[in-house]
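First comes the structure, then the notes that go with it.
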Amino acid sequence: MTSEQDDSRLRQERLRKLEMIRELNINPYPYSFTRSHKAQELHEKYKDLPADTETEDVVRVCGRVLNERNTWMFVDLYDDSGKIQLFCHKQNIPEEELKRLRLLDKGDFLGAEGTVRRTKQGELSVKVTSYEILGKTLQPLPDSWDGFTDVEARYRHRYVDMIMNPNVRDTFRKRSIAIRTIREFLDSRGCLEVETPVLQVEAGGADARPFITHHNTLDIDLYLRIATELHLKRLIVGGFERVYEIGRIFRNEGISTRHNPEFTMLELYWAYGDYNQLMDLAEEMIVETAIKVAGASKVTYQGVEIDFKRPFRRLRMVDAIKETTGLDCSTLKTFEDAKTAAVKLGGVDLTHCDTRGHVLNAIFEHKAESSLIQPTFLIDYPVEMSPLTKPHRTNPGEVERFELFAYGRELANGYSELTDPLDQRQRLEEQAAKKAAGNEEAMPLDLDFINAMEYGMPPTMGIGIGIDRLVMLLTDSASIRDVVAFPTMKPIVK
RNA sequence: GCGUCCGUAGCUCAGCUGGUAGAGCACUCGGCUUUUAACCGAUUGGUCGUGCGUUCGAGUCGCACCGGACGCACCA
């Protein structure tokens with residue numbers, strides 16, 4: 001096991017110092033501190049101050065001590081805007097107070113007052129005349145020489161990760177910017193942000209295994225939602241023409257660098273539009289988000305340049321298959337034809353395929369998906385794997401669905417929503433039959449959803465975007481855990 | 001669930017075909033210093049992931065287990 005950051009020797013030492021601070025009648029955990037400037041503000045205000053120059057300007061700064069040199073003569077103080085150096089010298093501070101600095105440790109919070117100067121070395125500093133401790137640390141921070149690199153420890157103690165690794169804080173700021181951009185984009189287009197139930201009697205709207213929980217007084221099992229789709233569409237039925245939810249989704253599946261059991265999805269439903277208009281809208285939103293987060297529509301992800309430049313390529317699934325395998329799907333009339341062709345290609349896992357459409361999708365996933373590096377809308381899916389999607393207006397057996405891929409990964413899924421209640425009932429009954437036959441990922445029959453649709457639903461376009469995966473791409477994060485502040489971890493068994 | 005790799009001091013790691021458990025950093029003490037110290041000196045710190053086995057002798061070899069990383073599978 002890795003360190004729990006509780007080495008008793010180092011902690012005891014800090015407890016000893018804490019005791020000494022208290023014996024001096026100093027509160028090591030005071031109530032407030034009035035600051036005049038953040039570090040960044042000082043750097044901006046005094047950017048033209050020459051080296052080895054003093055000012056008379058008195059400032060008050062506060063933050064966390066992360067480094068100290070020359071026996072506390074130079075202290076690196078960090079706030080959430082950056083670093084400012086403190087210069088602590090007996091010339092300016094009473095000697096006994098100067099000595100008390102040694103009761104501090106790296107990691108402690110400190111407030112200081114003094115004048116602004118730039119040192120001979122060119123480092124902007126606060127020449128400290130008085131200081132106060134604002135929070136004593138008991139746990140030692142990781143070695144700043146080696147950094148905090150243990151992958152497991154970083155995720156388990158994310159707060160330490162954030163203290164030690166500025167890029168981690170930066171990633172979460174960017175995540176916030178991404179979500180805010182999307183909100184503003186949608187709000188400015190008349191979309192209404194709504195909230196729908198997390199706890200559901202049946203978990204529908206996607207193919208995934210749900211988490212199960214229990215309500216005590218009702219004495220019933222409930223599922224955590226695997227999608228927000230079915231409730232958002234009820235809102236469309238209810239008369240809201242543009243609704244969206246940025247919500248946590250829970251799926252009881254494997255954990256990997258691209259999957260966290262809980263993740264954040266944007267789902268948007270917009271009446272009177274179809275999947276063609278939706279692709280235009282999605283492009284615009286994603287490009288705007290990329291520019292706000294990464295500064296440009298072009299980003300580098302894991303060494304590969306990804307250009308979110310409009311328009312994104314639009315590629316029919318059957319054409320993607322043809323491009324990479326040479327296979328003409330129109331010659332595959334039946335499930336058996338498709339299976340035979342897939343076996344002939346080799347390397348296609350058909351374990352969960354029970355229809356022609358699923359086989360085509362498997363061929364795509366195994367042969368073509370990883371080659372979709374630049375943003376590409378894969379369009380026109382087989383009807384069998386899309387029970388909530390409107391049939392294609394011209395191509396039999398297909399539906400008006402797209403998925404957006406970038407770096408070979410799925411980012412979004414959208415379609416012209418199925419609005420025919422009779423067709424919907426039939427498709428969900430087929431799903432329910434599969435579920436009854438043991439397919440854990442098939443959708444349950446949500447009769448109330450069908451009932452809602454029987455009350456009438458306008459033509460609607462709808463999309464789901466994996467926010468975590470989008471943020472991964474825009475922040476060059478290799479793992480979904482890098483963009484989730486507190487990723488799911490196996491508990492430590494003692 | 002399967003495969004590959006990994007587990008030695010608080011951290012980063014060394015430790016050869018089996019033979020006295022090490023280094024740097026951190027911590028503590030001391031020194032030096034009115035502009036950079038990631039300095040100098042000394043001390044402290046270990047059930048070598050756990051268990052069993054082979055052996056005169058195991059950090060090292062074997063087996064099992066625990067934990068982790070990555071990949072695959074599952075999953076958009």
Side-chain angles (χ1 to χ4, degrees), chain A residues 1-14 16-17 51-54 67-76 85-93 95 98 102 105-107 117-125 127 139-156 160 164 205-210 226-227 249-261 263 265 347 349 351-352 361 364-366 369 378 381 385-386 401-405 408-414 440-441 464-466 468-469 478-481 489-494:
Chain A
M1 262 317 293
T2 53
S3 156
E4 286 302 302
Q5 303 300 319
D6 64 352
D7 177 64
S8 58
R9 234 181 62 246
L10 298 177
R11 188 165 181 274
Q12 285 304 320
E13 187 53 44
R14 282 157 193 251
R16 186 180 67 83
K17 290 176 181 169
D52 200 15
T53 313
E54 302 223 13
N67 199 11
E68 152 271 326
R69 287 175 297 281
N70 231 358
T71 322
W72 293 91
M73 190 181 290
F74 301 99
V75 177
D76 290 339
Q85 175 171 279
L86 305 181
F87 174 63
C88 305
H89 194 270
K90 61 187 175 191
Q91 209 174 45
N92 318 301
I93 307 176
E95 197 152 354
L98 192 71
R102 301 196 63 171
D105 287 289
K106 287 173 195 173
R117 60 164 302 176
R118 194 178 290 279
T119 67
K120 273 182 192 164
Q121 307 299 320
E123 186 72 34
L124 189 69
S125 308
K127 190 167 84 176
Q139 296 286 356
L141 289 172
D143 197 317
S144 60
W145 176 271
D146 299 307
F148 188 44
T149 54
D150 183 286
V151 176
E152 184 190 359
R154 284 186 47 216
Y155 295 135
R156 284 198 188 280
V160 182
M164 298 304 294
D207 299 333
R209 273 153 40 204
I226 57 173
I249 300 295
F250 307 86
R251 296 189 182 174
N252 205 340
E253 308 282 1
I255 296 175
S256 78
T257 50
R258 290 177 296 282
H259 302 85
N260 196 57
F263 61 100
M265 183 138 83
D349 181 7
T351 314
H352 295 87
N361 187 55
F364 164 75
E365 283 184 356
H366 287 92
E369 180 173 326
L378 190 79
Y381 278 64
M385 52 179 301
S386 312
R401 173 178 180 182
F402 66 81
E403 289 188 350
L404 174 61
F405 289 88
R409 295 180 187 167
E410 187 206 334
L411 275 187
N413 177 20
E440 280 187 87
E441 279 118 35
I465 298 180
D468 311 270
R469 289 189 178 177
S479 170
I480 195 169
R481 290 177 166 188
M489 299 292 287
K490 199 170 171 179
I492 298 167
V493 183
K494 295 262 174 178

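Per chain, numbering begins at 1; letters A, B, ... match sequence-line order.
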Please list, chain by chain and in numerical order, all residues satisfying side chain to side chain donor-acceptor pair (under 3.5 Å) with [X], sequence neighbours excluded.
X	result
A:Thr71	none
A:Arg401	A:Ser386, A:Glu403, A:Asn413
A:Asp349	A:Thr351
A:Glu253	none

How long is the line joining [atom1] of [X] and [atom2] of [N], in whole Å?
X	N	atom1	atom2	answer
A:Gln85	B:rA37	CD	C1'	12 Å
A:Lys120	B:rU34	NZ	C1'	9 Å
A:Met489	B:rG67	CE	P	13 Å
A:Asn361	B:rC74	CG	C1'	14 Å
A:Glu54	B:rU35	CD	P	13 Å
A:Arg209	B:rC74	CZ	P	11 Å
A:Arg409	B:rG71	CZ	P	9 Å
A:Asn67	B:rU35	CG	P	19 Å

Nearest to the side chain of [X], heavy atoms from C-beta on, is which of [options]?
X	options	answer
A:Glu13	B:rU35, B:rG71, B:rU28	B:rU28
A:Arg16	B:rU35, B:rC29, B:rA37	B:rC29
A:Arg258	B:rC72, B:rC74, B:rU35	B:rC72
A:His89	B:rA73, B:rU35, B:rU34	B:rU34
A:Thr257	B:rU35, B:rU33, B:rC70	B:rC70
A:Arg69	B:rU34, B:rC29, B:rA37	B:rA37
A:Lys17	B:rU28, B:rU35, B:rC29	B:rU28
A:Asp150	B:rU34, B:rU12, B:rU35	B:rU12
A:Glu152	B:rU28, B:rG67, B:rU35	B:rG67

Partners meeting salt bridge (Lys or Arg N to Asp or Glu O under 4.0 Å) with A:Arg117 (sequence neighbours left out):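 If we apply the salt bridge (Lys or Arg N to Asp or Glu O under 4.0 Å) test to A:Arg117, skipping adjacent residues, the hits are A:Asp52, A:Glu54.
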
Could you pull out all residues at least two apart from A:Arg16 that satisfy salt bridge (Lys or Arg N to Asp or Glu O under 4.0 Å)?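 Applying salt bridge (Lys or Arg N to Asp or Glu O under 4.0 Å) to A:Arg16 gives A:Glu13.
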
For [X], report the nucleic acid contact type (base, sugar-phosphate, nothing); a contact means any heavy atom under 4.0 Å.
X	result
A:Phe263	nothing
A:Arg469	sugar-phosphate
A:Glu365	base
A:Arg481	sugar-phosphate

Taking only the [atom1] atom of each, what is the distance from [N] to [M] in whole angstrom?
N	M	atom1	result
B:rU35	B:rA26	P	22 Å
B:rU50	B:rC66	C1'	7 Å
B:rG45	B:rG3	C1'	39 Å
B:rC13	B:rG71	C1'	26 Å

Check: protein-nucleotides 23-26 of chain B nitrogen or oxygen pairs below 3.5 Å:
residue: B:rG24; atom: N2; partner: A:Asp146; partner atom: OD2; Å: 3.4
residue: B:rC25; atom: O2'; partner: A:Asp143; partner atom: OD1; Å: 3.4
residue: B:rC25; atom: O2'; partner: A:Asp143; partner atom: OD2; Å: 3.2
residue: B:rC25; atom: O2; partner: A:Asp143; partner atom: OD2; Å: 2.9

If the condition is side chain to side chain contact (heavy atoms under 4.5 Å, CB included), which residues does [X] pass it with, not counting sequence neighbours?
X	answer
A:Ser479	A:Tyr155, A:Thr257, A:Arg481, A:Asp482
A:Gln85	A:Arg69, A:Phe74, A:Asp76, A:Thr119, A:Glu123, A:Ser125
A:Thr53	A:Leu49, A:Pro50

Show me the protein contacts with nucleotides 39-41 of chain B, counting only N or O atoms at under 3.5 Å.
none

For A:Arg251 and for A:Ile255, locate the closest nucleotide of RNA chain B by heavy-atom distance; then report the residue assigned to the nucleotide nearer the 5' terminus.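 The 5'-side residue here is A:Ile255.
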
Watson-Crick or G-U stems involving RNA chain B, each at least 3 pairs long, distances under 3.5 Å, ordered by first number: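 Correct response: B:1-7 with B:66-72, B:10-13 with B:22-25, B:28-31 with B:39-42, B:49-53 with B:61-65.
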
